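Treat the numbers as computed from the prediction; the structure is a model and nothing was measured.
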Amino acid sequence: MHHIDAMLWMMGAPIEAQAMIANTAHDNAEVEDISMAMLRFSQGAVGMITSSVVHHGEEQQLIFQGKKARVSVPWKVVASTSQSNGFPEPNLDLERYLHQQYDALPEVIHSGHAGQVENVLDAIEKGTLLVVDGESGRNTLELIVGIYKSASTGEKVVFPIPSDDIFYSRESMMRHVIHFYEKKSSVENFEDRGITLGRRLDEKY
């Protein structure tokens with residue numbers, strides 16, 4: 001969900017979504033273990049979201065492919081230009097420039113939840129703008145609902161989702177979303193040993 005928050009902060013809300021979900025390896029789960037969604041934005045850009053608990057390695061990343069370069073979180077830069085035969089040629093000067101811009105950014109005083117709390121307190125005490133407001137949170141939820149609607153109906157979803165849509169309310173959505181398996185067993189006194197949360201987004205490759 002937080003990756004979708006960040007993607008929408010960078011790209012704005014999509015206008016269309018086409019999605020697919022599946023349960024490929026968890027026959028004790030009612031819900032999906034992988035989902036993939038293709039997005040279209042108003043400025044002509046397209047995007048893709050993959051959410052998976054079956055991928056080995058648990059990579060968590062945001063990749064933005066621009067006209068001249070690719071930048072990613074965790075930080076990674078690749079830049080190239082097209083040769084006369086159409087194949088790419090590395091643009092090392094642009095890569096160095098982008099690395100210099102990244103290295104010149106000021107250090108973040110607070111990150112994670114501490115940074116979020118600081119932003120809210122600053123908004124209350126100093127009147128500064130929230131980085132993420134209620135509308136931003138709603139946009140994230142609407143995109144997730146749109147992904148479930150497209151995957152469950154097989155149809156392309158156009159945003160915004162109208163209030164009379166069967167996927168607009170939680171109760172109606174739960175009745176229409178794909179249900180994979182019935183949960184037959186559960187683990188008691190589950191230990192936290194072995195629980196992983198994927199790669200930190202502030203690491204470099």
Side-chain angles (χ1 to χ4, degrees), residues 1-67 69-74 76 78 86 88 132-187 190 195-199 201:
M1 186 165 192
H2 297 312
H3 291 74
I4 295 177
D5 287 334
M7 183 202 70
L8 294 182
W9 183 70
M10 290 286 292
M11 297 295 297
I15 58 174
E16 296 175 353
Q18 184 81 54
M20 181 180 296
I21 61 176
N23 185 314
T24 62
H26 295 82
D27 60 5
N28 191 41
E30 299 177 3
V31 298
E32 74 283 352
D33 56 19
I34 185 169
S35 67
M36 290 173 281
M38 297 178 294
L39 310 176
R40 186 183 305 278
F41 297 87
S42 59
Q43 66 270 36
V46 293
M48 182 175 66
I49 299 173
T50 299
S51 179
S52 169
V53 294
V54 295
H55 277 53
H56 296 280
E58 294 188 294
E59 288 89 355
Q60 298 181 32
Q61 58 185 331
L62 293 166
I63 301 174
F64 297 93
Q65 298 282 0
K67 182 178 181 180
R70 159 245 174 97
V71 293
S72 308
V73 182
K76 181 179 179 180
V78 179
V132 179
D133 57 16
E135 184 177 354
S136 299
R138 188 194 182 284
N139 289 341
T140 297
L141 289 174
E142 182 171 43
L143 174 53
I144 293 171
V145 168
I147 290 171
Y148 275 112
K149 177 183 177 181
S150 176
S152 298
T153 64
E155 301 172 355
K156 178 177 68 177
V157 170
V158 177
F159 298 103
I161 297 174
S163 58
D164 60 352
D165 191 277
I166 60 173
F167 276 78
Y168 192 83
S169 71
R170 179 185 182 277
E171 294 75 14
S172 179
M173 176 180 171
M174 293 297 290
R175 291 195 300 270
H176 293 91
V177 75
I178 297 175
H179 186 103
F180 288 95
Y181 299 102
E182 293 299 324
K183 188 172 180 64
K184 302 180 292 294
S185 61
S186 59
V187 177
F190 188 73
I195 296 177
T196 57
L197 299 175
R199 186 187 180 101
L201 290 181

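Minimum heavy-atom separation, Glu142 to Phe159: O-CE2, 3.5 Å. Listed here is the closest heavy atom pair of Ile63 and Gln61: CD1-OE1, 3.7 Å. Nearest approach of Ser152 to Phe167, heavy atoms of both residues: CB-CZ, 3.8 Å. Minimum interatomic distance between Gly146 and Val157 (heavy atoms only, all atoms of both residues): O-CG2, 3.5 Å. Thr50 and Met36 get closest at one heavy-atom pair: OG1-CG, 3.7 Å. Closest non-hydrogen pair, Met11 versus Gln43, comes out as O-NE2, 3.5 Å.
The CE atom of Met38 sits 11.5 Å away from the CD1 atom of Ile147 when rounded to the nearest 0.5 Å. A distance of 10.0 Å separates NE2 in His2 from CD in Gln60, rounded to the nearest 0.5 Å. Distance check, rounded to the nearest 0.5 Å: CZ of Arg40 to CD1 of Ile15 gives 7.0 Å. Summarising the geometry, atom CE belonging to Met174 is positioned 9.0 Å from atom NE2 belonging to His179; distances are rounded to the nearest 0.5 Å. Here the CD1-NZ distance, from Ile161 to Lys149, works out to 6.0 Å after rounding to the nearest 0.5 Å.
Residues Pro14 and Leu8 form a side-chain contact, since some pair of their non-hydrogen atoms from C-beta on lies under 4.5 Å apart. Counting only heavy atoms from C-beta outward, the side chains of His55 and Ile34 approach each other to under 4.5 Å. The shortest side-chain heavy-atom distance between His3 and Leu62 falls under the 4.5 Å cut-off. Counting only heavy atoms from C-beta outward, the side chains of Leu39 and Leu143 approach each other to under 4.5 Å. The closest side-chain heavy-atom distance from His176 to Thr153 is not below 4.5 Å. When side chains are defined from C-beta on, Val132 does not count as touching Asp5, because their heavy atoms never get closer than 4.5 Å. Using a 4.5 Å cut-off on side-chain heavy atoms (C-beta onward), Arg70 and Lys76 make contact. Annotation: side chain of Glu32 is not in contact with side chain of Ile178 (no heavy-atom distance under 4.5 Å).
Scored by the side-chain contact (heavy atoms from CB on, under 4.5 Å) test, Leu141 finds Met1 as partners (sequence neighbours excluded). Under the side-chain hydrogen bond (donor to acceptor under 3.5 Å, both in side chains) criterion, Asp133 pairs with Ser136, sequence neighbours left out.
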Show the numbers, then the answer: is there a side-chain contact (heavy atoms from CB on, under 4.5 Å) between Arg175 and Ile166?
-> CA-CA 9 Å; Arg175 291 195 300 270; Ile166 60 173; over 6 Å; no
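Among Asp33, Ile21, Asp27, the one residue that satisfies the side-chain contact (heavy atoms from CB on, under 4.5 Å) test with Phe180 is Ile21.
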